[in-house]
Amino acid sequence: MIILGIETSCDETAAAIIADDGRILSNIVWSQTEHDAYGGVVPEIAARAHMEHIEDVITRALSEANITLAEIDAVAATAGPGLIGGVIVGVMTAKAIASVTKKPFIAVNHLEGHALTVRLTNDVHFPYLLLLVSGGHCQFLIVSGVGKYQKLGGTLDDALGEVFDKTAKMLGLGYPGGAAVEKLAIKGDKHKYVFPIPLRGRDGCDFSFSGLKTAVRLKIQEIGELSEQDKADICASFQYTATQSVLERTKAAIQQFKIRYPDGKHFVLAGGVAANEYIRGELQEVLTQNQLELAAPPLKLCTDNAAMIAWAGIERYKLGLTDSLDFEPRARWPLI
Ligand code: KG4
Ligand code: ZN
């Protein structure tokens, strides 16, 4: 079985062709650079850029996979949640292809794409504990099957990637700036500035990063003219504090996961922030102490891409879960 996946929910226009045995026949991601000047994604610009690039991206995905539309078995597209203009572009394109080729259409929840991708690349079985951390999402889920999710906690305000991006913006490191913050943090002293660890001592698995963001902003204002070393120290101290919060919440989430699934083996990290080596390293220690194995898709599949949408499509298709061409794109679509 071969599936074409389409992703357009934020600022990546992406198409991929995946086989159900896990072969990635192609995985094309066009990252829109139109937003760089604005320090964030501008929805209108994103929607227009998706329209301009989608055809070319799909054509490239087909040609790299050396396949024609007639040879695919179904078309899967992100149908939400996301910036609605972009989601509409992807869904309409997928429906048009499905309609012309008379192949099934599968509406994929973007979060489900992130949640299931690890099964494309790693030998991971249900149930597993998932930490999904990206620019738009920040939550713990127990994944016990396709469509079977249980949310243990989420962010009360900013997502983890978002607060990395805002820190980067305050330091003039560009957008999106998570990777730049991590890189600069290597040169900094993580104990130079003491920022409050969010929700310290509170039970549960929720996150909150707005207080940390404010503390970073106040420190930057207090220092005034920033040297490169000041910036590095701020990055390191911020990253350290955010990670401490992630570790505390992870311990709480593991406890809850183990109560329900004492034999659960895997902890899966997904979303763009999974690229962060420092966070991965620190998490690894906590997981080892709790006899859980860390599994994360390769970096290219952690950030937004269409391979994850095609794979979620395969998982759904195998269970007979296809959708009607009436399925409406959704700006909001909680997994549970
Ligand atoms: O999954 P993704 O591509 O898009 C969303 O669905 O949001 O994630 C992008 C997010 C951005 O906030 C970006 O700054 C962050 O992931 N990110 C990182 C790193 N690489 C990407 N954050 C921290 N450290 C990194 N190395
Ligand atoms: Zn995403």
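Counting starts at 1 for both ligands and their atoms, in listed order.
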Under 4.0 Å between a side-chain nitrogen and a carboxylate oxygen: does that hold for [X] and [Y]?
X: D73; Y: K103; value: no
X: D206; Y: R249; value: no
X: K213; Y: E162; value: no
X: R48; Y: E52; value: no
X: E248; Y: K251; value: no

> Less than 6.0 Å separating the ring centroids of F209 and F207?
Replying inline: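 Yes - the distance between ring centres of F209 and F207 falls below the 6.0 Å cut-off.
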Got an N/O contact under 3.5 Å between [X] and ligand 1?
X: G178; value: yes
X: G136; value: yes
X: E12; value: no

> Does any N, O or S atom in H114 come within less than 2.8 Å of the Zn ion (ligand 2)?
Replying inline: yes
> For the Zn ion (ligand 2), does an N/O/S atom of H110 lie at less than 2.8 Å?
Replying inline: yes
Provide, to 0.1 Å, the distance between [atom] and the closest protein heavy atom, together with that atom's residue and name.
atom: atom 26 (N) of ligand 1; result: E182 OE1, 2.8 Å
atom: atom 17 (N) of ligand 1; result: G272 O, 3.6 Å
atom: atom 19 (C) of ligand 1; result: A179 N, 3.6 Å
atom: atom 3 (O) of ligand 1; result: D304 N, 3.0 Å
atom: atom 24 (N) of ligand 1; result: N276 ND2, 3.0 Å

> Considering only N, O or S atoms, which atom of D304 is nearest to the Zn ion (ligand 2)?
Replying inline: OD1
Under 4.0 Å from any heavy atom of [X], which atoms of ligand 1 are there?
X: D165; value: 11 (C), 12 (O), 13 (C), 14 (O)
X: G161; value: 12 (O)
X: G135; value: 5 (C), 7 (O), 8 (O), 9 (C), 10 (C), 12 (O)
X: T303; value: 1 (O), 3 (O)
X: H114; value: 1 (O)

Just by distance, no angles: are the side chains of [X] and [Y] close enough, under 3.5 Å, to form a donor-acceptor pair?
X: D11; Y: H50; result: no
X: T243; Y: Q239; result: no
X: S208; Y: D157; result: yes

> Centre of F126's six-membered ring, under 6.0 Å away, within 45 degrees of the axis: is that where NZ or CZ of R119 sits?
Replying inline: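 The answer is yes, since R119 meets both limits relative to F126.
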> Between L160, V181, V273, which one has a non-hydrogen atom sitting closest to atom 15 (C) of ligand 1?
Replying inline: V273
> Considering only heavy atoms, does C302 approach ligand 1 within less than 4.0 Å through its side chain, its backbone, both, or neither?
Replying inline: backbone
> Relative to ligand 1, is E277 under 4.0 angstrom through side chain, backbone, both or neither, heavy atoms considered?
Replying inline: neither
> Mind checking whether F105 and F327 have parallel, tilted or perpendicular rings, split at 30° and 60°?
Replying inline: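 Geometry flag for F327 against F105: perpendicular rings.
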> Are side-chain heavy atoms of L141 and Q150 found at a separation under 4.5 Å?
Replying inline: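 They are not in contact (no side-chain heavy atoms under 4.5 Å apart), so the answer is no.
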